[in-house]
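Input: a single structure, listed below in structure tokens.
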Amino acid sequence: MDLAYIPSPSTGVIHLGPIPLRGYAFCIIIGVFVAVWLGNRRWIARGGKPGTVADIAVWAVPFGLVGGRLYHVITDYQLYFGEGRNWVDAFKIWEGGLGIWGAIALGAVGAWIGCRLRGIPLPAWADALAPGIALAQACGRWGNWFNQELYGRATDLPWALKISEGPNRVAGTYHPTFLYESLWCVGVALLVIWADRRFKLGHGRAFALYVAAYCVGRGWIEYMRVDEAHHILGVRLNVWTSIVVFLLAVTYLVLSAKLRPGREAIVEPDREPAAAGSEAGSASADAAKADAAKADAAKADAAKADAAKADAASGAGTGVAAKAASGAVPKAGSEDAAAKAAAVATEAAAPKTGAGSTSKAGAAAEDAESEPKEAGAKAPEAKKL
């Protein structure tokens, strides 16, 4: 007689009219919300914008679901393509069957696409989301409880899980491996949060720590399970997968710490790449316009300066002319010119004695014409004398 055990639900689905509400699906949905909520808080704390984690999760979650289902169907193909099996069941994801390895691998592809569209680094986003993913797994494992699947070896421990008779299962009490893994994932989330605060993990190292820590727990928990699985050298396939992925994660941790120490200073730009580019181009255009305006202003100033110089020169010339007209200019030169003009007139009136006198008169006339215009102005008066 069992004194204590964990009961299993009699059914994993409740019908709301024609709509089936499945416990497995609810556990996955709750896990996604928890991951996005915690990831958003951590992303904002790292300097990111609110809502970015959810925007990228729109890409990561569908890819992750497809990847998880593909991994499960490929590694357990006998459940869907064996003798007496219906291959259509491979699409019935609500009946359970998601491989975390495929979910993380293909989910990372979706996240990479989302990060590229937002112009942010994938490792930084993965670091922010790492503890949330672990908590999402902790929630999702309770879906196995609703479906009475993935339990361990038979046991009579007080926390044993009671399984009822059903397809591919035998009634009895077994190790609640779903509960072990759920609690382990909660511990992994707390470990990553602590280590990230303590060591300022960056460039994907918080995510790598999550992967390594999860693989350690998944290895020994997987070893306890008794459901049908492929074996390599007597060891379950998922145990080998845990070992290989653990080594890869540790290698990444070591190499990343040497090659890229510290943490990203900026995880998300102020603007999206397209908007930033257009605004940058607009800013350059504005700067060019400002420079052109400055150049035009400089030309206008130069023109004003030239105009001022021209006005000054014109004013000076006008002043000199006025002085000349008023007799303010010295008259010495003009008197000499008048005397020469008078001499020319006298010689012209006297009888011509020869070429010599003519040449003298011409020379005197040329000398008179070469005098300043002011003197020329007095010439008519000299001719009247």
Side-chain angles (χ1 to χ4, degrees), residues 31-32 34-50 52-57 59-61 63-64 67-68 100-138 181 183-221 241-269:
V32 170
V34 170
V36 172
W37 169 77
L38 181 58
N40 184 66
R41 288 176 58 90
R42 287 172 52 80
W43 183 254
I44 294 174
R46 289 284 301 275
K49 298 179 182 179
T52 298
V53 170
D55 292 341
I56 298 175
W59 288 90
V61 172
F63 275 76
I100 186 61
W101 314 112
I104 294 298
L106 206 56
V109 174
W112 176 79
I113 296 174
C115 288
R116 290 279 295 179
L117 294 176
R118 293 297 295 264
I120 65 177
L122 174 61
W125 185 84
D127 283 342
L129 205 67
I133 295 176
L135 292 180
Q137 290 178 249
E181 187 168 338
L183 294 176
W184 183 267
C185 288
V186 173
V188 170
L190 296 176
L191 171 66
V192 173
I193 293 173
W194 171 82
D196 193 27
R197 292 178 178 176
R198 175 66 177 80
F199 301 106
K200 304 296 182 183
L201 301 177
H203 302 288
R205 288 189 288 275
F207 185 82
L209 176 61
Y210 144 72
V211 173
Y214 172 74
C215 288
V216 172
R218 179 62 184 266
W220 67 267
I221 295 171
T241 305
S242 298
I243 294 172
V244 173
V245 176
F246 170 81
L247 294 176
L248 292 175
V250 172
T251 301
Y252 180 87
L253 272 171
V254 175
L255 294 179
S256 177
K258 290 182 178 180
L259 298 177
R260 305 186 71 182
R263 175 186 283 181
E264 299 91 341
I266 300 175
V267 297
E268 186 171 8

Minimum heavy-atom distance between A249 and A208, given as atom pair plus value: CB-O, 3.6 Å
Pairs under 3.5 angstrom only: tabulate donor-acceptor contacts from the side chains of residues 186-196 to other protein residues two or more places apart or in another chain.
from : atom 1 : to   : atom 2 : distance (Å)
D196 : OD1    : L201 : N      : 3.2
D196 : OD1    : R263 : NH2    : 2.7
D196 : OD2    : R42  : NH1    : 3.4
D196 : OD2    : R42  : NH2    : 2.7

Any side-chain heavy-atom pair of F207 and P123 under 4.5 Å: no
Check whether E268 reaches the backbone of G47 with its side chain - one donor and one acceptor, N or O, closer than 3.5 Å. no
Heavy-atom closest contact (P121 atom, V267 atom, distance): CD-O, 3.3 Å
Return the CG to OH distance between L259 and Y252, rounded to the nearest 0.5 Å. 9.5 Å
Heavy-atom closest pair (W59 atom, G110 atom, distance to 0.1 Å) is CB-O, 3.1 Å
Nearest heavy-atom pair of V245 and C215: which atoms, and what distance? CG1-SG, 3.6 Å
OH on Y214 to CD1 on I133, rounded to 0.5 Å: 12.0 Å
With sequence neighbours excluded, what pairs up with S256 under the side-chain hydrogen bond (donor to acceptor under 3.5 Å, both in side chains) test? R205
Test item: F63 and I113 side chains (from C-beta on) under 4.5 Å apart, heavy atoms: yes
Before you tell me yes or no, could you show the steps for I56 and L129 under side-chain contact (heavy atoms from CB on, under 4.5 Å), namely the whole-Å CA-CA distance, both residues' side-chain angles and the distance that decides it to 0.1 Å? CA-CA 11 Å; I56 298 175; L129 205 67; over 6 Å; no
Please give me the minimum heavy-atom distance between A108 and L122, naming the atom from each residue. O-CD2, 4.2 Å
Does I266 have more than 12 heavy atoms from other residues, nucleotides or ligands lying within 6.0 Å of its CD1? no
Test side-chain contact (heavy atoms from CB on, under 4.5 Å) applied to V216 and W184, step by step: CA-CA 10 Å; V216 172; W184 183 267; 4.1 Å; yes
Apply the test side-chain contact (heavy atoms from CB on, under 4.5 Å) to residues W43 and I120: give CA-CA distance (whole Å), side-chain angles for both, the deciding distance (0.1 Å), then the verdict. CA-CA 12 Å; W43 183 254; I120 65 177; 3.8 Å; yes
Indicate the atoms forming the closest heavy-atom contact of W125 with T52, along with that distance. NE1-O, 4.3 Å
Residue pair W101, R218: steps toward the side-chain contact (heavy atoms from CB on, under 4.5 Å) verdict: CA-CA 11 Å; W101 314 112; R218 179 62 184 266; 3.9 Å; yes
